[in-house]
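In the text below, chain A, chain B and the rest are named by the order of the sequence lines, each starting its count at 1. Keep in mind that this is a model prediction, so the values were computed, not measured.
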There are 2 protein chains.
Amino acid sequence: MTLWIEVGPPHSRLVAEPARTLESREPAAALEFFRAELGKRLVQVAARCSIEYHGRAQSTLPSGARLLLFKPDGTLLVHTSTKLKPVNWQPPGCSFSADVEHEAIVLVARRDKPVKETVRIALEEIQFAVSLDLDGEEGFDLAGSEDDMQAFLARQPQLIEPGFKFWARERASGRGPMDLYGEDALGRRVVIECKRRAAGVAEADQLRRYVERERGARQSTRVRGILVAPAISSKARKYLADLELEYIEVDWEKLRKPASELLKSGQRRLADW
Amino acid sequence: MTLWIEVGPPHSRLVAEPARTLESREPAAALEFFRAELGKRLVQVAARCSIEYHGRAQSTLPSGARLLLFKPDGTLLVHTSTKLKPVNWQPPGCSFSADVEHEAIVLVARRDKPVKETVRIALEEIQFAVSLDLDGEEGFDLAGSEDDMQAFLARQPQLIEPGFKFWARERASGRGPMDLYGEDALGRRVVIECKRRAAGVAEADQLRRYVERERGARQSTRVRGILVAPAISSKARKYLADLELEYIEVDWEKLRKPASELLKSGQRRLADW
DNA sequence: AAATAAATATCGTGA
DNA sequence: TCACGATGTTTATTT
């Protein structure tokens with residue numbers, strides 16, 4: 001257990017008053033609070049409530065204590081005590097409303113596009129409601145994505161095989177993009193599909209599609225297809241073999257760090273290569 | 001705007017005191033609060049902080065005001081002012097810790113399986129911290145999923161074509177999972193893949209896999225394949241045609257309601273059919 | 001534990 | 001706007 005070392009005024013670390021807290025026990029005050037804050041700032045509500053959803057599917061959630069988040073961009077999240085995914089939600093773009101129906105405050109999130117959807121939250125008991133301002137995702141940086149893996153492979157063609165030359169990355173052929181495209185030592189065209197995670201049959205099929213497209217476009221069966229991934233399921237491996245497609249193991253988990261070094265040393269993002 | 005109608009004691013609707021709020025401005029108190037509450041109850045923290053993630057990928061988020069949620073099941077969510085998905089997160093199963101590093105409180109979420117992952121949150125200013133108990137997802141009911149669509153089609157084989165007979169619905173077949181399996185009026189085997197949303201090439205390929213598997217198992221090319229969906233992309237339609245596979249349009253959006261009626265009238269869940 | 005596919009998937013990109 | 005593919009996908013199911 002690390003010991004606490006006090007430095008500087010504690011006020012700089014703990015500010016007790018959030019932007020605005022619902023203090024009154026009057027339902028009318030709560031209603032006014034929601035109408036003033038929803039859609040303008042982040043609103044958190046801990047409440048006993050029941051929820052109905054109608055839209056792409058439909059759902060009901062019986063009464064219970066949930067945490068509601070209304071973001072200023074029109075996002076709604078309803079969280080229970082477990083799981084990462086919210087039990088109910090709406091993506092950005094909703095309009096929020098607060099009204100009284102059958103003697104209870106009802107919060108509604110609505111949107112029309114791309115499909116009409118409604119989440120209706122009937123509050124029974126508000127434990128807690130507060131609104132505050134959050135910052136956005138400016139400056140967020142993620143490394144290690146498939147994009148980075150592609151860029152790394154493009155710099156290290158010998159990881160594919162000796163004499164391999166890359167022609168293009170994310171080649172936008174009229175029939176769809178393929179991850180990497182090049183030529184082997186014997187001058188044969190090679191389509192490469194790269195995956196940052198273990199590949200299954202669906203990923204093998206994705207490669208198959210690209211290879212077939214390319215063979216059709218080139219009027220040639222002399223197009224190789226290689227699936228590059230850190231691992232592959234046994235069924236997918238067999239599937240590839242039957243189709244005369246290839247698999248090369250590249251342990252991206254281990255290569256990510258060196259790739260990161262390249263990124264740091266280089267001027268540009270690795271993914272921009 | 002609906003008018004407010006006051007009924008019953010307001011106390012039943014608004015309880016000002018949540019389970020436990022961090023009131024003290026002392027950093028030591030905050031540390032103690034986190035250590036007492038993390039992993040035991042839902043902990044919400046609104047704070048200015050910077051975040052680092054290392055695991056399947058790696059990311060950094062510069063200092064800013066974010067909302068942190070620590071669930072008792074070991075789930076972490078970090079939300080900004082926009083978007084549905086958290087900017088950082090950890091799925092259930094993490095262990096949480098609170099420590100002091102370089103004169104700042106640092107909250108860490110760690111897990112080892114399936115891969116080693118760490119989210120490190122360096123707090124700079126706590127706007128707000130509270131812990132409370134939430135209920136789980138008990139009683140949550142969702143209707144309109146693909147499972148329901150399958151069940152509905154199985155009851156309405158004429159939606160596929162006259163004389164169609166279903167043999168089996170999904171899973172548990174030794175030859176691999178396919179959504180629906182049956183026989184047409186001419187006695188030919190038919191594999192059906194059904195999608196609740198618009199289908200693309202990947203979905204067409206999924207059907208193709210199942211049909212090929214079935215043809216292989218039956219040593220027969222006389223196996224039809226039908227993709228059932230509310231819509232299909234033009235490329236996917238062409239792709240299916242080239243493979244001599246079929247597409248049938250079923251507007252699940254419109255059929256969901258009648259299907260729901262069936263569900264209500266029946267004893268069992270539609271999906272159990 | 002591994003594999004497979006659905007999801008109210010969400011999200012970004014490119015045509 | 002639509003289509004396509006990645007996601008630190010998550011989640012459930014089945015082997």
Exercise. Identify, between Gln206(A) and Ile232(B), the residue whose nearest nucleotide on DNA chain D lies closer to the 5' end.
Key: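 Nearer the 5' end of the strand: Ile232(B).
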Quiz item: Does a salt bridge link Glu146(B) with Arg196(B), judged by any charged N lying under 4.0 Å from a carboxylate O?
Solution: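 No, no charged N to carboxylate O under 4.0 Å.
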Exercise. State which residue, out of Leu180(A), Val250(A), Asp179(A), fulfils the side-chain contact (heavy atoms from CB on, under 4.5 Å) condition with Val228(A).
Key: Val250(A)
Without decimals, in angstroms, what is the distance between [X] [atom1] and [N] [atom2]?
| X | N | atom1 | atom2 | result |
| --- | --- | --- | --- | --- |
| Asp147(B) | dT11(D) | CG | P | 19 Å |
| Asp179(B) | dT13(D) | CG | P | 15 Å |
| Leu207(A) | dG5(D) | CG | P | 13 Å |
| Met149(B) | dT8(C) | CE | P | 15 Å |
| Arg237(A) | dT4(C) | CZ | P | 14 Å |
| Asp205(A) | dC4(D) | CG | P | 15 Å |

Under 4.0 angstrom between [X] side-chain N/O and [N] OP1 or OP2:
| X | N | value |
| --- | --- | --- |
| Ser233(B) | dC4(D) | yes |
| Ser145(B) | dA6(C) | no |
| Tyr239(A) | dA3(C) | no |

Quiz item: What distance, rounded to whole Å, do you find between the two C1' atoms, one in dT14(D) and one in dT8(C)?
Solution: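 Result for the C1' pair: 25 Å, nearest Å.
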Exercise. Could you work out the separation of dA6(D) and dA7(C) based on their C1' atoms and round it to a whole Å?
Key: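 Taking atom C1' in both dA6(D) and dA7(C), they lie 15 Å apart.
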Give every pair of a protein N or O atom and an N or O atom of nucleotides 9-12 of chain C that lie under 3.5 Å apart, one pair per line with the distance.
| unit_1 | atom_1 | unit_2 | atom_2 | d |
| --- | --- | --- | --- | --- |
| dA9(C) | OP1 | Arg197(B) | NH1 | 3.2 |
| dA9(C) | OP2 | Arg196(B) | NH1 | 2.2 |
| dT10(C) | OP1 | Arg56(A) | NH1 | 3.3 |
| dT10(C) | OP1 | Arg56(A) | NH2 | 3.1 |
| dT10(C) | OP1 | Trp89(A) | NE1 | 3.1 |
| dT10(C) | OP2 | Arg56(A) | NH1 | 2.7 |
| dC11(C) | OP1 | Leu84(B) | N | 2.8 |
| dC11(C) | OP1 | Lys85(B) | N | 3.1 |
| dG12(C) | OP1 | Lys83(B) | NZ | 2.6 |

Exercise. Could you say whether Lys195(B) or Ala198(A) is positioned toward the 5' end of DNA chain C, judged by the nucleotide with the nearest heavy atom to each?
Key: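 Result: Ala198(A).
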Quiz item: Counting side-chain heavy atoms from C-beta on, which of dA3(D), dT8(C), dA6(D) comes nearest to Glu146(A)?
Solution: dA6(D)
Quiz item: Within the structure shown, what part of the strands sits under 4.0 Å from Glu253(A) by heavy-atom distance: base, sugar-phosphate, or nothing?
Solution: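 No contact at all - Glu253(A) keeps every heavy atom at 4.0 Å or more from the nucleic acid.
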Quiz item: What nucleic acid atoms does Lys113(A) come within less than 4.0 Å of, heavy atoms only: base, sugar-phosphate, or nothing?
Solution: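 Contact class for Lys113(A): sugar-phosphate only.
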Exercise. Please confirm whether Lys254(B) makes a cation-pi placement over Trp252(B), using NZ or CZ under 6.0 Å from the six-membered ring centre and within 45° of the ring normal.
Key: no
Exercise. Can you run through DNA chain C from 5' to 3' and write each base as (, ), [, ], | or . depending on how it pairs? Watson-Crick or G-U wobble, both distances under 3.5 Å.
Key: |||||||.|||||||
